[in-house]
Chemist: 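Please read through the structure below; I'll follow up with questions.
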Number of protein chains: 2
Amino acid sequence: MDDTPATKKDLILPPPRRSRRKSGGTTLRDVAALAGVAPITASRALNTPNAVSEQILKRVRSAVEQTGYVPNMLAGGLASRKSRLVAAVIPTISGNVFLEMVQSLTASLAAYGYQLMLGQSGYEDSREDELLETIIGRRPDGVVLTGIMRSPQGRQRLLTSGIPVVETWDLTPNPIDMLVGFSHEKVGEAVARYLHSKGKRRVATLSANDQRAQRRMKAFSDTAIELGMAAPGATEVPGWLVPAPTNVGMGRAGLRELLARHPDIDALFCSSDMVALGVLTEAQAQGIAVPGRLAVVGLGDLSFARDLHPALTTVRIDGARIGATAARFIVERSEEREVRDGIVDIGFSIVERDSA
Amino acid sequence: MDDTPATKKDLILPPPRRSRRKSGGTTLRDVAALAGVAPITASRALNTPNAVSEQILKRVRSAVEQTGYVPNMLAGGLASRKSRLVAAVIPTISGNVFLEMVQSLTASLAAYGYQLMLGQSGYEDSREDELLETIIGRRPDGVVLTGIMRSPQGRQRLLTSGIPVVETWDLTPNPIDMLVGFSHEKVGEAVARYLHSKGKRRVATLSANDQRAQRRMKAFSDTAIELGMAAPGATEVPGWLVPAPTNVGMGRAGLRELLARHPDIDALFCSSDMVALGVLTEAQAQGIAVPGRLAVVGLGDLSFARDLHPALTTVRIDGARIGATAARFIVERSEEREVRDGIVDIGFSIVERDSA
DNA sequence: ATGAAAGCGCTAACAG
DNA sequence: CTGTTAGCGCTTTCAT
C-alpha cells in the first residue's frame with residue numbers, strides 16, 4: 001500500500017500462500033473498513049464510546065447498522081479473558097426449590113450483561129465433578145454452585161482454575177471462595193421450637209434423602225427430643241425418607257406410612273413444599289384436620305404455599321435474593337480489581353399461615 | 001531452525017519486541033511440549049484419538065494429567081466455528097410449564113457434549129429481540145425458542161445469522177427453520193369435545209393472557225358453542241383472563257369471579273395446571289364438588305397433577321420430548337452436512353383422571 | 001501418522 | 001483520540 005504504486009487491479013500477486021479459511025459473516029474489520037477507521041477504533045466505539053470522537057462514533061454506528069454486525073463474544077472473550085458467562089450448577093431444576101434462584105440469577109446477570117449457562121448435576125456428587133470440567137472449559141467469569149462442594153477434587157479444580165465461585169444454600173467455615181447461604185441446622189431447630197410453641201408434642205419428619213434436608217431434620221429431631229416432643233425415651237423423632245427430588249405423591253404416601261406407624265403424631269415437618277402439598281392433599285382425602293389434628297410445615301415458600309387450603313406454613317428461603325446476591329458478587333469480583341470476600345448468611349423465616 | 005546453526009542456549013536474541021500479555025493457565029502448547037509433540041498433535045490426541053498413534057496418545061494423556069489441563073472451548077470454538085453452546089429462550093422459568101422441557105434440553109444436550117445457555121424473555125416480545133442480539137453474539141450452535149418468533153426483526157436476525165433454530169410449543173406454516181410443537185387450536189377443540197362427551201353443557205375458561213393460551217381458549221369456545229355448551233344465543237363461552245405466568249392464587253380468584261358472574265357453569269378449562277390447582281383448592285374451600293358440580297381440566301400435566309385430590313384431568317404436553325427432540329435436531333444439524341428439515345407435531349393427549 | 005504455517009475475530013499494550 | 005502490532009488458545013489447511 002505504501003511502496004507499491006500499482007492500481008488495485010494490477011497488484012503483484014503476493015507469494016502464493018495457500019488460501020485460508022474463508023470468513024462467514026461480518027466482522028469488526030468489515031465495520032471498521034466501512035467506517036474508514038482501524039479495527040481497534042471500531043472496537044472502542046462499541047465498547048468504550050467515551051474514548052472516541054463524536055465523528056467516529058457516528059460513522060462506526062452507522063456502519064454497524066448497515067452491515068448488521070453482531071460482535072463475536074467468543075473472540076472478544078478469548079482476547080480479553082472475559083467471557084461474560086456465568087455457570088450455575090443445580091441438582092435439578094424440576095424440583096422447583098431452586099427455581100426462584102435460577103430465575104433471579106438469570107435476570108440479574110442479564111442486567112449486568114452476563115449470560116447464564118445451566119448445568120444439572122443430579123443429587124449424586126459424581127455428575128458434579130464431571131460437569132465441572134465442561135464448565136471450566138468454557139472459562140466462565142464465575143460459577144454458582146447449589147450447596148457446598150464436598151468433593152475435594154471438585155474443590156481443587158475450581159480453586160486452581162481461578163474462577164470466582166459462589167456456593168449457595170448452605171453455610172460452611174471453609175468455602176471455596178464466596179458464599180450465600182443459610183444454616184440448615186438453625187432451620188430445623190427453629191421449626192421444632194415453633195411447633196413446640198404451638199403446643200405440638202408428637203412431631204415427625206417427612207424428608208428427602210439429600211444431605212441438606214437430612215441435616216435440617218437431624219437438628220429438628222434433636223431439638224424436638226430436647227423439648228420433649230417425642231414419645232418418652234425416644235432418641236429421635238419418627239421420620240420417613242423419600243428420594244430427592246420430592247414430589248406430591250411422595251408426600252401423600254409418606255403421610256400414610258407415618259400414620260400407619262405412628263398414629264399419634266400431631267405435627268409434621270416436610271423437607272419441601274411439594275411434599276407438604278402432598279401431605280395436605282392426603283390429609284384432606286382422609287379427612288384428617290389440618291392443623292387441628294396434624295400441623296404441617298413445609299420449606300421453600302413456593303408460590304402456591306400461600307394459596308393452599310389451609311394456607312401452608314413454611315420456611316421461607318429467599319431464593320431470589322440468593323440469586324441476585326450471587327450474581328452481584330461474581331460481577332463485582334470480575335469487574336473490580338479488589339477481591340472482596342463475599343460471605344453472607346441470608347437467613348430464613350418461618351412464614352406463619354394456617355397449616356400449623 | 002534450518003539456517004541458524006546456533007545451539008538453543010546461544011540464540012541471537014530476537015529484536016527487542018515489547019512483551020505481550022502473559023498467559024494464565026496451562027495451554028495446549030504446554031501439554032504438547034511436555035509430551036514432546038506439536039500442539040496440533042496434542043489437539044488430535046484429545047479430539048480424534050484414532051488419528052494418533054498409541055505411543056503419542058499415551059504421552060499426551062499423561063501430560064494432560066500432570067498439568068491438569070482443561071481445554072479452552074472459547075478458543076476452540078473460535079477456531080473451529082463450533083461453540084457447542086445452545087441457547088434457549090423461555091418466557092419465564094418460574095411458570096413451571098416449561099420446566100420439563102428445559103430439564104430435558106439441558107440433559108440431552110449434555111449427553112451430546114453441548115451446554116445450555118438460558119435466557120428469559122418474559123411474555124413481552126420486546127425483551128426477546130434484545131435477548132437475541134446477546135445470544136447471536138455468542139455464536140451458539142443452535143437456538144431453541146419457546147413459541148413462534150413473531151417479530152419480523154427477530155426472524156430476520158436469526159435467519160441471517162445462519163444459526164440453526166428450533167421453534168417449539170406451537171405450530172406454524174412458516175417456521176424460521178425447525179419446529180417441534182403442537183396445535184393449540186386442536187387442544188382447545190379436543191378439550192371441548194371431551195367435556196361434551198362427559199355431559200357438560202355450561203363450560204367456561206380460566207386463562208392466562210398469553211397468545212398461545214388464548215388461542216386454545218378461542219378454539220375451545222368455538223367448539224363449545226358449536227356443540228351447544230353455552231347459554232342459548234351466546235357467541236362465546238364465559239371466560240376469565242389472568243396475567244401470565246399464572247399461579248394458584250389466580251386460579252382461586254378466577255373461580256370466584258367466574259362463579260359470581262356465571263353460577264351455572266359446570267366445567268372449566270384452565271390454561272395451566274397451576275391455575276387448575278387453584279380452582280380445585282377454591283372449590284374445596286367452598287365445598288363445591290369436583291367433578292360433580294364442576295369439572296376441571298388443566299394443561300401441562302405437571303408432576304403434581306396425578307396426585308391431587310381429586311386427581312387432575314389435564315392436557316399432557318410432553319415437554320421432555322420437546323426438549324430431547326429439539327436437542328437432537330440441533331446437534332444433528334450442527335454435526336452432519338446434510339440439512340434435514342426438522343418439523344414435528346408432537347401432539348398432546350388428554351389425561352383422564354378424576355377432576356373431569 | 002505428524003507437523004508448519006496461518007489464521008478464527010477480537011482486544012491489550014504500546015506508541016504517537 | 002487514533003493507530004500499529006502482537007497475540008488470546010485453538011484448529012484448519014496443506015505438506016510430508
Side-chain angles (χ1 to χ4, degrees), chain A residues 1-2 14-33 35-60 64 67 69-84 136-139, chain B residues 1-2 14-33 35-60 64 67 69-84 136-139:
Chain A
M1 269 241 266
D2 42 11
R17 353 195 101 185
R18 39 206 155 132
S19 88
R20 297 263 124 233
R21 272 163 286 174
K22 41 160 284 186
S23 148
T26 318
T27 73
L28 187 60
R29 219 159 77 180
D30 304 330
V31 172
V37 297
I40 182 65
T41 303
S43 169
R44 290 194 185 106
L46 298 176
N47 299 315
T48 51
N50 296 337
V52 141
S53 74
E54 276 295 320
Q55 273 276 343
I56 288 192
L57 189 54
K58 213 182 291 177
R59 269 161 42 207
V60 170
V64 167
T67 54
Y69 170 70
V70 180
N72 183 332
M73 302 189 74
L74 257 59
L78 180 59
S80 67
R81 298 160 162 294
K82 294 197 151 304
S83 60
R84 290 184 163 262
I136 295 176
R138 302 271 176 200
R139 302 296 189 269
Chain B
M1 271 245 265
D2 43 11
R17 355 194 99 184
R18 43 201 153 137
S19 90
R20 296 263 127 231
R21 271 164 285 174
K22 44 159 281 185
S23 146
T26 318
T27 73
L28 188 59
R29 224 164 66 185
D30 304 331
V31 171
V37 298
I40 181 62
T41 304
S43 170
R44 288 194 186 107
L46 298 176
N47 299 317
T48 51
N50 296 337
V52 142
S53 74
E54 277 293 320
Q55 274 276 344
I56 285 191
L57 188 54
K58 214 181 292 177
R59 269 156 47 202
V60 170
V64 167
T67 54
Y69 170 69
V70 180
N72 184 330
M73 303 190 73
L74 257 59
L78 179 59
S80 67
R81 298 158 164 294
K82 292 196 152 306
S83 61
R84 292 187 163 260
I136 295 175
R138 302 268 175 201
R139 303 295 190 268

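Letters A, B, ... mirror the listed sequences (proteins, then strands); counts begin at 1. The model shown is predicted, which means the values in this text are computed figures rather than measured ones.
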Chemist: At under 4.0 Å between heavy atoms, what does B:Asn50 touch on the DNA or RNA strands: base, sugar-phosphate, or nothing?
Modeler: nothing

Chemist: Nearest to the B:Ile40 side chain among C:dC10, C:dA4, D:dG3, which nucleotide is it?
Modeler: C:dA4

Chemist: Just the rounded figure in Å: distance from P of C:dG7 to CG of B:Leu74.
Modeler: 22 Å

Chemist: Identify, between A:Val52 and B:Leu28, the residue whose nearest nucleotide on DNA chain D lies closer to the 5' end.
Modeler: A:Val52

Chemist: If you take all heavy atoms of A:Asp30 and A:Gly25, which pair is closest and at what distance?
Modeler: OD2-O, 3.9 Å

Chemist: Measure CD/B:Glu54 against C1'/C:dT2 and give the value in whole Å, please.
Modeler: 16 Å

Chemist: Would you classify A:Ile56 as touching base, sugar-phosphate or nothing, given that sugar-phosphate means primed atoms plus P, OP1 and OP2, and contacts are heavy atoms under 4.0 Å?
Modeler: sugar-phosphate

Chemist: In whole angstrom, give the distance that lies between atom CZ of B:Arg138 and atom P of C:dC10.
Modeler: 14 Å

Chemist: Write down the distance between CZ (B:Arg139) and P (D:dC10), rounded to a whole number of angstrom.
Modeler: 21 Å

Chemist: Do the side-chain N or O atoms of A:Ser43 get closer than 4.0 angstrom to the phosphate oxygens (OP1, OP2) of C:dT11?
Modeler: yes

Chemist: Rounded to whole Å, please give me the gap between CZ in A:Arg84 and C1' in D:dC8.
Modeler: 17 Å

Chemist: Nearest of D:dC10, D:dT11, C:dG3 to any side-chain atom of B:Ala75?
Modeler: D:dC10

Chemist: For A:Ala35, which residues count as a side chain to side chain contact (heavy atoms under 4.5 Å, CB included) partner, sequence neighbours excluded?
Modeler: A:Val37, A:Arg59, A:Val60, A:Ala63

Chemist: If you check the B:Tyr69 side chain, which of D:dC10, C:dC10, D:dT12 turns out closest?
Modeler: D:dC10

Chemist: Of the options D:dT2, C:dT2, C:dC8, whose atoms approach the side-chain atoms of B:Arg81 most closely?
Modeler: C:dC8

Chemist: Under 4.0 Å between a side-chain N/O of B:Ser53 and OP1 or OP2 of C:dT2, yes or no?
Modeler: yes

Chemist: From the list C:dT11, D:dT2, C:dC8, which nucleotide is the closest neighbour of the side chain of A:Asn47?
Modeler: C:dT11

Chemist: Starting at CZ of B:Arg29 and ending at P of D:dT11, how long is that distance when rounded to a whole Å?
Modeler: 14 Å

Chemist: Applying side chain to side chain contact (heavy atoms under 4.5 Å, CB included), can you list everything that pairs with B:Lys58, at least two apart in sequence or on another chain?
Modeler: none

Chemist: Show every donor-acceptor pair shorter than 3.5 Å between a side-chain atom in residues 42-54 of chain B and any protein atom, with sequence neighbours excluded, or say none if there are none.
Modeler:
residue: B:Ser43; atom: OG; partner: B:Asn47; partner atom: ND2; Å: 3.3
residue: B:Asn47; atom: ND2; partner: B:Ser43; partner atom: O; Å: 3.2
residue: B:Thr48; atom: OG1; partner: B:Arg44; partner atom: O; Å: 3.4
residue: B:Ser53; atom: OG; partner: B:Ile56; partner atom: N; Å: 3.3

Chemist: Distance from A:Leu74 atom CG to A:Arg138 atom CZ, nearest 0.5 Å?
Modeler: 8.5 Å

Chemist: Please tell me if B:Ser80 has a side-chain N or O lying less than 4.0 Å from either OP1 or OP2 of D:dC10.
Modeler: no

Chemist: Which residues pass the side chain to side chain contact (heavy atoms under 4.5 Å, CB included) test with B:Arg139, not counting sequence neighbours?
Modeler: A:Val70, A:Asn72, B:Ile136

Chemist: Need to verify one output field. Residue with the more 5' nearest nucleotide on DNA chain C, B:Pro39 or B:Ala51?
Modeler: B:Ala51

Chemist: Mark yes or no for a side-chain to base donor-acceptor pair under 3.5 Å between A:Arg44 and D:dG3, with no hydrogen or angle criteria applied.
Modeler: yes

Chemist: If the condition is side chain to side chain contact (heavy atoms under 4.5 Å, CB included), which residues does B:Ala33 pass it with, not counting sequence neighbours?
Modeler: none

Chemist: Which nucleotide in the list C:dT2, C:dG9, D:dG3 gets nearest to the side chain of A:Leu78?
Modeler: C:dG9

Chemist: Note down the inter-axis angle between the two ends of the helix from C:dA1-D:dT16 to C:dG16-D:dC1, five pairs each, to the nearest 10°.
Modeler: 20°

Chemist: Looking at every non-hydrogen atom in both residues, tell me the closest pair between A:Leu28 and A:Tyr69 and how far apart they are.
Modeler: N-CE1, 3.4 Å

